[in-house]
Amino acid sequence: MTYEDKLAGFNAHIDEGGKVEASDFMPDDYRRGVLKFIEMHANSEIMGALPERECLPQAPTLLRKMSLAAKIQDEVGHAQLLYRVAEDLGKSRASMYEDLLAGKSKFHNVFHYPVHHWGDVAIIGWLIDGAALVTQAALLDSSYAPYTRVLKRICSEEQLHLRHGEHITLMLASGTEAQRDLFQDALSRWWLPIIHFFGPRSNVEKDLLLRWKVKTRTNEDLRQEFLDRYVPKVLELGFTFPSPVPVESTGHWIVQDQDIDWAPLEAVKKNRGPETSRRLAARRDVYERHRWVRDVLAAPFTYAA
Amino acid sequence: METFEVFRRSGHKEPFEHCGTVSAPDAEMALLEAKECFTRRREGQHLWVVKRSDIHSFKDESLLEIAADKSYRFAEAYRDVVTKRSEARARALAFPEKSPSNT
């Protein structure tokens, strides 16, 4: 059977809604595309732990500190699950990690931005995790089956994070004017990056991941679901959106394409976001300081007599 | 003869689940027996057999218990969001100058 025959068979399998396992035949572009996508997801989980970790000392109570630490632990756990799935596609965890630290691979735009105060924890836990959950839930039906199986676990934990984030948001929203200002300030800074989070409009003809149903929905479709779900919830708490301001029209909360400034996203994509180098340096530092742990685990284990 | 633990999966979206054991001289024979025992009615589309001696578990399963109060890891800890939501909505009305209709 020629490669072309195999490719035709693969395409037909996908068109019928078929799933793909790591040990199945897959076209090189499929393997590369899925690997890059899952690697980026894994990178984002581990880099995403950093902004929240920076906020840990500001937790207002011991319980909040413990619950935020537990959430950060979950995010790092997601990275572990995802790196394992990515490894089965043919790239070692060490090289994925080294590419991340060298700035050769990407992580999600929102983790390139600074955190200022506890209001940021509310935004990250509620709106950013909410945005992530919209995109991840859409991937539960991805054609790459090992990814969907770990996403099930990830989504159920994200659901809890969302509750946690909403809980923090509601405490601020029902608090003093100073507490409400914390949330408003964070919302004003994070709104544009959250809009960017879903990416620019998908190019349906050119996007191989959509063609092969690795991704099941377009970026704009996911952004719309997020806006419809969260904009009313933010408004009823009495907060105000900065540009791009969502406007209600024919039952949807719309953000006009021409109102979105894409320049900050372009910078982030080149790893030139406001916090990119500092966060990567922090990751590198941890990676080096923990080298001895990896060395110990890799060495043949012997019990002392 | 060896004891093999049998795992089957109903489809690509599901994890493998343990469904029983068979006794066989080798893995090939164990697979045949497992197929006849556990998938006669298409209960599985995928089948694994693993030598019982290759499976490891904690001697003391109380190690799986959570060591301290970590209720914040569970959804029940945040059940009061419903009441908090109406409190927050009411609070928002106390700040009319911040409401979007006035900006």
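Just so it is clear: chains get the letters A, B, ... in the order the sequence lines come, proteins before strands, and each one is counted from 1. Just so you know, these numbers use all the heavy atoms, side chains as well, and skip hydrogens, waters and symmetry mates.
Atom-to-atom distance recorded for B:Glu87:CD and A:Leu237:CG is 12.0 Å, nearest 0.5 angstrom. Taking CG of B:Asp69 as the start and CE of A:Met66 as the end, the distance is 7.0 Å to the nearest 0.5 Å. Here the OG atom belonging to A:Ser67 is positioned 13.5 Å from the CZ atom belonging to B:Phe74, to the nearest 0.5 angstrom.
Between the B:Lys84 side chain and the A:Glu166 main chain, no donor and acceptor come within less than 3.5 Å of each other.
Nearest approach of B:Tyr72 to A:Leu63, heavy atoms of both residues: CD2-CD1, 3.8 Å. Nearest heavy-atom pair across B:Val81 and A:Leu170 is O-CD1, 3.5 Å. The two residues A:Ser174 and B:Ala88 have their closest heavy-atom pair at CB-CA, 3.7 Å.
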Practice prompt. Any chance you could lay out the salt bridge (charged side-chain N to carboxylate O under 4.0 Å, His left out) test for A:Glu177 and B:Arg91, step after step, and finish with the verdict?
Written response: CA-CA 10 Å; A:Glu177 187 160 10; B:Arg91 189 78 182 129; over 6 Å; no
Item to complete: List the steps and the verdict of side chain to side chain contact (heavy atoms under 4.5 Å, CB included) for A:Leu140 and B:Lys13.
Response: CA-CA 9 Å; A:Leu140 285 170; B:Lys13 287 188 173 182; over 6 Å; no
Fill in: Verdict with supporting geometry, B:Arg73 and A:Asp74, salt bridge (charged side-chain N to carboxylate O under 4.0 Å, His left out)
CA-CA 10 Å; B:Arg73 281 187 180 159; A:Asp74 283 346; 5.7 Å; no
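Heavy-atom neighbours of chain A within the stretch residues 16-50 of chain B, taken at a separation under 4.5 angstrom, are nonexistent.
Most heavy-atom pairs under 4.5 Å with chain A: of the set B:Lys70, B:Arg85, B:Arg79, this distinction falls to B:Arg85.
Heavy-atom distances place the backbone of A:Thr176, and not its side chain, under 4.5 Å from chain B. A:Glu157 does not touch chain B: none of its heavy atoms, backbone or side chain, sits under 4.5 Å away.
Using a cut-off of 4.0 Å between Lys/Arg side-chain N and Asp/Glu carboxylate O, B:Arg9 and A:Glu21 are scored as salt-bridged. Salt bridge annotation for A:Lys152-B:Glu14: present, with a cationic side-chain nitrogen under 4.0 angstrom from a carboxylate oxygen.
Other residues, nucleotides and ligands contribute more than 12 heavy atoms inside 6.0 Å of the CZ atom of A:Arg149.
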